[in-house]
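Here's the structure we're looking at; comments come further down.
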Amino acid sequence: MKPAPFDYVRATTRDEVLTLLAEGSEQVRVLAGGQSLMAVLNMRFAQPGLLVDITAVEELRRIERRGDTLVVGAAVRQAELLAWPGLAETVPLVARALPWVGHYQTRNRGTIGGSLVHADPSAELPLCLATLGGSVVLESRRRRRTVPADDFFQGVLTTAREPDEVLTEVHLPVARPGSRFGFREVAMRHGDFALVALAAEVRGDEAWLGVGGVADRPVVRRMKPGAALADDLDALAWELGGEDDGHASARYRRQLVRELGYTLLTETAP
Amino acid sequence: MKRLDAGRSHPVTFRLNGRERTGHAEPRLLLSDFLRHDMGLTGTHVGCEHGVCGACTVLIDGHACRACLTLAVQVDGRDVETVENLAEDGVLNDLQQAFRRHHALQCGFCTAGILMSCTDFLARNPRPREADVRDMLTGHLCRCTGYTGIVRAIVEVAEQRSGSTTEENEHV
């Protein structure tokens, strides 16, 4: 349970990070809060040649509102965003979901960007980004591109990030007037990865439901609250499929989508 | 931008329990092992080594963090506090005494980590609800106590330190 050897750089500017990634690409891993990556390294699931620590890069540590987007720097810690005064009004869904991300102790170090790049299918932050229709900014020496959540998450621990790219910004759409948000999760222990996590946005008679923990990535579908809701949730549960693992069966996960989905959309609707 | 080579030890200078210390660490050395083997502070325990059990929790710049998910070289220039810093002149602090009074430990393996989490948590949440205390404790595994004594001890210390009854508290 000790990492294999690697070189280490504590970067202080974004430029340094991009240079090191351009030189080393597949041998380089970016280290942010380390709450996922360090466990992966300890178990030797990954053995990079160089770790580039981005937590001291000031320009990646900002939280700022730009128009109708909340821009969160890649190295902003989860506890910092949770304590940011405007969070509940600006992105209420994230305010509700963040207390479910890991534990008090891991949120102190874990970052927003790190959780998204790790792309665990049952993680809450990828689910929030997908449900809100947010995006991430990926940068390399070659280009800077903005990738919507839909295209970014590509499967279990797999994203659209190229080896020489680093996630620099997370773009969260600011809540539109009249929108209501809800979040529900079932886990073995509060703070563990979700068996199923659900996020909802309801605006007038429109509703969006995001589901994490069942398919290989967060999936968002438009739902119609009303008589057909139970049938629609059943269809969604079968579409997502799910897999059996040591914690729960696929059948149980699908049932959670039906039951918890119904509860969540009903309680979130005005 | 200094590149620390894999096979070599590099100086790490940091404040440890209020005193400036310098040790040497390869980049891959975990903070938990650095504290125990190089700094000689074996109060920080090592359990799962992947961030789940909480036994290795220490304060980095005042925030409770997993030492097993932190590299020794990352604390260069930072402030680290371990369980050895709680007692003063051999006298247990109020939190430690409350743990003893309420049988909040049996084997003690998880205790150091929990004490450090509480130190950060109570500093930032002087009047926690019991639900908040229990939520904070989800980051720790204790297999002896069933947590009841731990919750009781933390709630009592919060009340004593803030001089008031903890809000919305139903005593367990």
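Every chain is numbered from 1, with letters handed out A, B, ... down the list of sequences.
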Residues A:Arg61 and A:Glu80 bridged, charged N to O under 4.0 Å
yes
By a 4.5 Å heavy-atom criterion (distance strictly below it), what part of B:His140 contacts chain A: side chain, backbone, both, or neither?
both
Is A:Leu51 in contact with chain B via its backbone, its side chain, both, or neither, using a 4.5 Å heavy-atom distance?
side chain
Against chain A, label B:Asp33 side chain, backbone, both or neither, depending on which of its atoms sit under 4.5 Å from a heavy atom there.
side chain
Residue A:Glu64 excluded, over 12 heavy atoms near CD under 6.0 Å:
yes
Taking side chain as everything from C-beta outward and backbone as N, CA, C, O, which of these in B:Asp61 sits under 4.5 Å from a heavy atom of chain A? Side chain, backbone, both or neither.
neither
Run the side chain to side chain donor-acceptor pair (under 3.5 Å) test on B:His103 and B:Thr145 for me, step by step, so that the C-alpha distance in whole Å, both residues' side-chain angles and the decisive distance to 0.1 Å come before the verdict.
CA-CA 8 Å; B:His103 305 287; B:Thr145 63; over 6 Å; no
For A:Leu31, is it the side chain, the backbone, both, or neither that has a heavy atom closer than 4.5 Å to a heavy atom of chain B?
side chain
Give, as side chain, backbone, both or neither, the part of A:Thr12 having an atom under 4.5 angstrom from any heavy atom of chain B.
neither
Going from NE2 on A:His247 to CZ on A:Arg253, what distance comes out if it is rounded to the nearest 0.5 angstrom?
8.0 Å
Under 4.5 Å to a heavy atom of chain A? For B:Glu49 that would be both
Less than 4.0 angstrom from a charged side-chain N to a carboxylate O is my criterion; do A:Arg96 and A:Glu185 meet it?
no
Turns out that what part of B:Ile60 lies under 4.5 Å from chain A's heavy atoms comes down to side chain
Does the distance from a Lys or Arg side-chain N to an Asp or Glu carboxylate O, for B:Arg152 and B:Glu156, drop under 4.0 Å?
no
Pair A:Thr19, A:Arg141: side-chain N/O donor-acceptor within cut-off below 3.5 Å
yes
Highest number of heavy-atom pairs under 4.5 Å with chain A among B:Leu4, B:Val52, B:Asp76, B:Val46 belongs to B:Leu4
